[in-house]
Amino acid sequence: MSRFHVEGKVVEGVDLLRRRPPAWRLDVWPFAVLYAAWLFFIVPALELGDSAIVLGKTRFMPKKVNPKVKDIHLADACKVTPAKFSGSKEIVILHFQRQLAGSSTSDTEEIHFNFRKQRFIFSKEKETFCKLPYPTKETFGYYLKNTGHGSEAKVVAAAEKWGRNVFEYPQPTFQKLMKEHCMEPFFVFQSTMAKSRLKTLTDLRRVRVDSQTLMVHRGGKWVKLTGTELLPGDVVSIGRSSGPNGEEKSVPADMLILAGSAIVNEAILTGESTPQWKVTANSWESGLFILFLVFFAIIAAGYVLKKVDICCFDKTGTLTSDDMEFRGVVGLTDGINLESDVTKMPTRTVEVLAGCHALVFVDNKLVGDPLEKAALKGIDWKYTSDEKAMPKKSDGHAVQIVQRHHFASHLKRMAVVVRVQEAFFAFVKGAPEVIQDRLVDVPSSYVDTYKRFTRQGSRVLALAFKPLPDMAVFNCPIRPDSGSVLSELRESSHDLVMITGDQALTACHVAGQVHIISKPTLILAPSKSSGGFEWISPDETELIPYSKKEVEGLSDSYDLCIGGDCFEMLQQTSAVLQVIPYVKVFARVAPDQKELIMTTFKTVGRMTLMCGDGTNDVGALKQAHVGVALLNAVPPPQSGGTSSSQSSKSETNKSGKPKKLKSTSEASNALTINDGNHGNTQNKSSSGSSSNRNLTPADKQREKLKKMIDEMNEEGDGRSAPLVKLGDASMASPFTAKHASVAPTLDIIRQGRSTLVTTLQMFKILGLNCLATAYVLSVMYLDGVKLGDVQATISGVFTAAFFLFISHARPLPTLSKERPHPNIFCAYVFLSLLGQFAIHLTFLITAVNEAVKHMPEECIEPDSEFHPNLVNTVSYMVNMMIQVATFAVNYMGHPFNQSVSENKPFLFALMASVGFFTIVTSDLFRDLNDWLKLVPLPEGVRTKLIVGAVVMFGGCYVWERLLRWMFPGKLPAWKKKQRQAVVVETTANKKQL
């Protein structure tokens with residue numbers, strides 16, 4: 001079999017190849033004949049330099065052709081076909097390797113290839129290639145009995161199989177990046193893009209974790225090894241370590257805790273910045289198997305946003321803030337009234353709020369989930385270092401936490417075992433729909449109660465212990481600028497989508513407040529009366545049976561919402577392409593489902609922008625055409641009544657002059673990648689280290705612990721620019737916002753549109769100028785018409801000035817509903833060039849013919865020296881008038897960039913050029929005309945020239961405006977491509993069946 005199908009996110013298929021012998025390759029033997037002919041015939045007949053030129057002409061090599069083979073043992077290479085949206089095909093070497101002694105595998109030979117830093121091994125049982133397996137899915141008993149690699153042979157075999165524990169960032173040179181970017185169609189801005197990418201890669205290299213020395217159990221004893229020598233299956237002992245200045249160093253790890261406990265920052269796994277408390281895996285009560293990752297996905301790609309038509313946003317931490325406000329408890333009685341007074345709440349309800357959490361108390365600092373902090377603050381209780389919660393004022397009883405069962409995303413709940421006085425209780429909290437199935441007696445108003453508050457956008461948690469189910473209600477405030485930013489995006493012809501892990505009713509309420517949904521809403525949910533699914537309105541007054549064929553029509557009248565529990569059904573029924581493109585709100589979705597949403601949008605032809613704040617958004621950020629990561633920092637203060645777009649206007653520097661918006665590669669002053677004040681950091685570090693010298697060892701240890709908790713909790717004041725760190729979503733995103741605000745999405749789109757129209761107008765202007773100049777320098781050259789050196793210099797100066805000033809046009813602060821043309825080769829550009837060139841050519845020929853009438857009969861040789869005459873003077877003036885008109889007519893101002901009157905440098909350049917040619921044409925300063933080698937114009941020719949120039953400009957202006965009206969920028973016709981994708985998928989499924 002020559003073709004292997006590999007099911008996975010990276011590789012789709014593998015074809016076996018065998019390289020041809022050198023003598024039979026098309027890039028060898030034909031050229032051997034040519035080289036021989038060059039040596040025997042060309043070298044003797046020509047000089048050495050000319051012979052070398054001929055040799056250079058024969059150096060082009062055709063593409064190598066490798067035949068396919070069916071037997072894997074006859075192959076020595078393979079062509080790897082990546083999964084969709086994962087790059088292009090590559091040919092890699094196929095390796096055949098004998099297993100070393102001590103290997104745990106039964107095969108004597110291993111066949112594998114390496115593709116994009118990953119190894120794929122051939123499995124005889126599955127008859128295909130599989131990813132290199134790691135020992136991560138064994139039972140707890142296996143890990144508890146494991147003692148590491150017991151012999152040197154096993155260490156060597158493991159090292160050969162898995163390689164070194166390192167990840168290097170490649171650092172290309174500026175010349176290599178520049179060569180790559182110069183091949184891009186919009187090459188005008190590629191120098192800046194190459195510098196930006198080089199800076200990004202340099203900054204990312206600084207993020208690497210320093211190698212640390214660890215105690216590793218190998219060969220029956222503990223030995224010291226560096227982190228780069230670790231292998232899967234090692235048993236290690238990890239403790240706190242310090243840097244050269246005494247600062248606390250983080251310990252990144254991908255491990256199972258066999259004994260002991262640790263405070264872990266799981267941001268890189270879950271996307272949440274809150275540190276979690278982890279305990280040993282052999283604790284029978286906890287039953288937790290925790291993995292936290294240190295490998296992060298990086299992408300350093302700067303690109304210009306051009307055609308985005310759909311913007312997707314995470315909710316918590318992106319559109320809403322991370323801060324929580326405890327509103328109260330509901331469900332204490334048969335009614336649905338919210339009780340906010342703690343003194344009126346039952347004692348057990350307050351104790352559940354105080355004791356059911358995962359907060360960690362270290363050195364007078366609470367570390368944990370903001371929601372749990374808000375609950376503790378709302379009931380006015382405190383938590384102590386001995387895992388005890390107690391009221392601050394009243395005489396209530398303390399709640400002693402005996403055992404925690406931490407929150408799990410797949411369970412959607414957590415539980416604790418507590419002791420109050422001499423009694424033990426099990427306290428539970430979690431998603432209301434999950435807790436409902438575990439209650440002995442469900443209150444009659446249970447469902448109505450939690451749905452009422454989730455419809456209001458609140459975050460609702462159900463509280464329970466044996467007989468009493470209660471619910472706590474929290475508010476997740478919307479960021480002040482989210483509504484105005486998304487409103488502007490919607491008004492500028494962008495579709496908006498929310499992707500969140502929150503409950504569907506909560507997500508729909510927030511989506512309505514930030515203008516993502518505006519029509520009546522329907523939520524897809526399992527049917528209560530049948531085994532299928534149905535669309536339900538938030539108030540449950542409207543029920544519509546689900547049918548994948550009716551989703552498109554349904555989306556015309558409703559805004560649709562689906563939950564993560566529906567994705568499995570959509571995939572099993574091959575309805576992903578028919579449903580997801582029409583959904584506005586995705587709720588209760590997992591990270592891999594976010595990635596599926598992005599790939600689906602791309603499959604149907606949508607140009608996607610994804611904005612998120614957590615590492616759980618990494619997959620979606622990588623798959624989106626434009627990814628914007630938000631750092632978890634305090635947003636900049638805004639004055640009342642100012643919109644997000646106004647906040648992006650020009651700032652004022654110390655000299656009082658307005659700052660211009662930055663280039664497209666930087667997007668705006670709100671966007672950065674690892675842009676920190678390193679000088680200030682060094683000063684703080686040095687001052688901190690000097691102050692540490694005067695502290696006792698206990699004080700130093702306390703300061704280190706406090707600093708570690710502060711860094712892990714990431715509660716900065718937002719005054720300084722946050723640095724990109726391990727765990728930030730910006731690692732996978734080309735754009736990073738310094739502050740937790742979605743306003744930078746406007747900056748990116750504004751700058752992208754500005755760059756697109758600027759590039760488009762440059763191509764048009766270059767084309768028209770080249771056509772007119774080509775006619776003057778070619779056709780008219782045969783008639784002896786030439787340009788003097790001074791004339792050509794003046795023409796070049798004006799052209800350079802015009803190009804410089806039109807590129808300085810700044811984007812308008814408000815996005816327009818109109819869209820720029822996304823392509824250079826389109827009917828609008830083609831007709832515009834043809835029409836304007838026809839008008840230019842007519843004006844040029846008419847003016848020259850008029851000048852010829854006043855010329856004496858003489859024959860001018862094309863190769864003779866330049867002599868000024870009337871035809872030369874007229875053709876030069878007409879050519880320069882055409883040049884000025886071309887810049888003025890094709891300048892694209894509103895609704896994307898500043899208009900001609902607002903772009904002052906360009907306006908002054910136009911006025912100067914018009915004034916210059918008016919003076920030259922009217923012959924007011926004869927000395928100036930003599931210096932320019934221009935002869936006097938007859939009165940009739942001068943008048944006709946000025947009138948012709950006005951008519952030419954008017955004709956080009958009307959023609960250009962007519963075409964802009966006839967061919968406006970349009971949204972991509974993605975629905976047609978979506979239907980085609982559905983047909984292709986249906987056909988493929990039928991073939992498989």
Side-chain angles (χ1 to χ4, degrees), residues 185-189 756-781 785-809 821 824-826 828-848 871-893 897 900 903 905-914 916-917 920-921 932 934 945 948-961 963-964:
F186 300 117
F187 59 87
V188 181
F189 307 96
L756 182 61
V757 297
T758 300
T759 305
L760 190 62
Q761 72 187 8
M762 282 186 172
F763 274 105
K764 289 178 61 181
I765 292 170
L766 282 171
L768 289 170
N769 283 343
C770 289
L771 289 172
T773 305
Y775 181 82
V776 172
L777 298 181
S778 59
V779 178
M780 298 183 66
Y781 174 81
V785 177
K786 303 177 182 179
L787 295 181
D789 293 339
V790 177
Q791 295 174 354
T793 302
I794 295 297
S795 175
V797 168
F798 275 110
T799 301
F802 285 143
F803 273 120
L804 175 65
F805 295 142
I806 65 173
S807 64
H808 279 209
H821 290 276
I824 295 174
F825 299 101
C826 60
Y828 159 69
V829 175
F830 185 70
L831 293 176
S832 178
L833 289 175
L834 285 182
Q836 291 187 60
F837 178 64
I839 296 173
H840 295 166
L841 191 61
T842 301
F843 176 43
L844 182 59
I845 294 176
T846 302
V848 170
V871 174
N872 161 261
T873 299
V874 170
S875 62
Y876 172 71
M877 290 182 176
V878 170
N879 191 38
M880 293 302 297
M881 292 174 181
I882 289 174
Q883 193 175 69
V884 174
T886 298
F887 279 98
V889 169
N890 292 280
Y891 178 84
M892 294 185 179
N897 284 342
V900 174
N903 188 354
F906 182 64
L907 175 63
F908 294 153
L910 282 178
M911 295 173 62
S913 61
V914 172
F916 174 78
F917 289 114
V920 171
T921 305
L932 293 173
L934 301 176
L945 201 61
V950 174
V951 173
M952 179 270 298
F953 175 80
C956 291
Y957 183 85
V958 171
W959 176 251
E960 174 67 16
R961 291 304 181 272
L963 290 179
R964 291 186 189 181

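Computation of the quantities below employed the complete heavy-atom set of this structure, encompassing side-chain atoms and omitting hydrogens, waters and symmetry-equivalent molecules. Please read all numbers here as calculations on a predicted model, not as lab measurements.
Of all heavy-atom pairs between Ile882 and Ala772, the closest is CG2-CB, 4.2 Å. Shown here for Leu831 and Leu963, the closest heavy-atom pair between the two residues is C-CD1, 3.6 Å. Of all the heavy atoms in Ser795 and Tyr876, the pair that sits closest is N-OH, 4.2 Å. Contact detail for Leu945 and Phe843: the closest heavy-atom pair is O-CZ, 3.9 Å. Across every non-hydrogen atom of Arg964 and Val889, the tightest pair is NH2-O, 3.6 Å. Minimum heavy-atom separation, Val884 to Phe917: CG2-CE1, 3.9 Å.
Remark: side-chain polar atoms of Gln761 are paired, donor with acceptor, to backbone N or O of Met892 under 3.5 angstrom. Although no hydrogens or angles enter the test, the distance criterion places a donor-acceptor pair under 3.5 Å between the side chain of Asn903 and the main chain of Phe805.
A side-chain donor from one of Thr799 and Gln883 sits under 3.5 Å from a side-chain acceptor of the other.
Remark: Leu934 CG to Thr873 OG1 distance equals 4.5 Å, nearest 0.5 Å. For the atom pair CE (Met880) and OG (Ser913), the distance works out to 8.0 Å, reported to the nearest 0.5 Å. Considering CZ of Phe763 and CG of Asn890, their distance stands at 14.0 Å, rounded to 0.5 Å. A distance of 9.0 Å separates CD in Glu960 from CG in Leu833, rounded to the nearest 0.5 Å. Taking CE from Met762 and CG from Leu760, the interatomic distance works out to 11.5 Å, rounded to the nearest 0.5 Å. Put simply, OG1 on Thr886 and CG on Asn769 are 5.0 Å apart, with the number rounded to the nearest 0.5 Å.
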Inset, instruction - Kindly determine whether Phe887 and Phe798 satisfy ring pair (Phe, Tyr, Trp, His ring centres under 6.0 Å), including the steps that lead there. - result: CA-CA 11 Å; Phe887 279 98; Phe798 275 110; over 10 Å; no
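When side chains are defined from C-beta on, Ile794 counts as touching Phe916, because their heavy atoms get closer than 4.5 Å. In this structure, Met952 and Val878 have side chains that are not in contact, with every pair of non-hydrogen atoms separated by 4.5 Å or more.
Screening residues 949-959 for side chain to side chain donor-acceptor pair (under 3.5 Å), with sequence neighbours left out, gives no hits.
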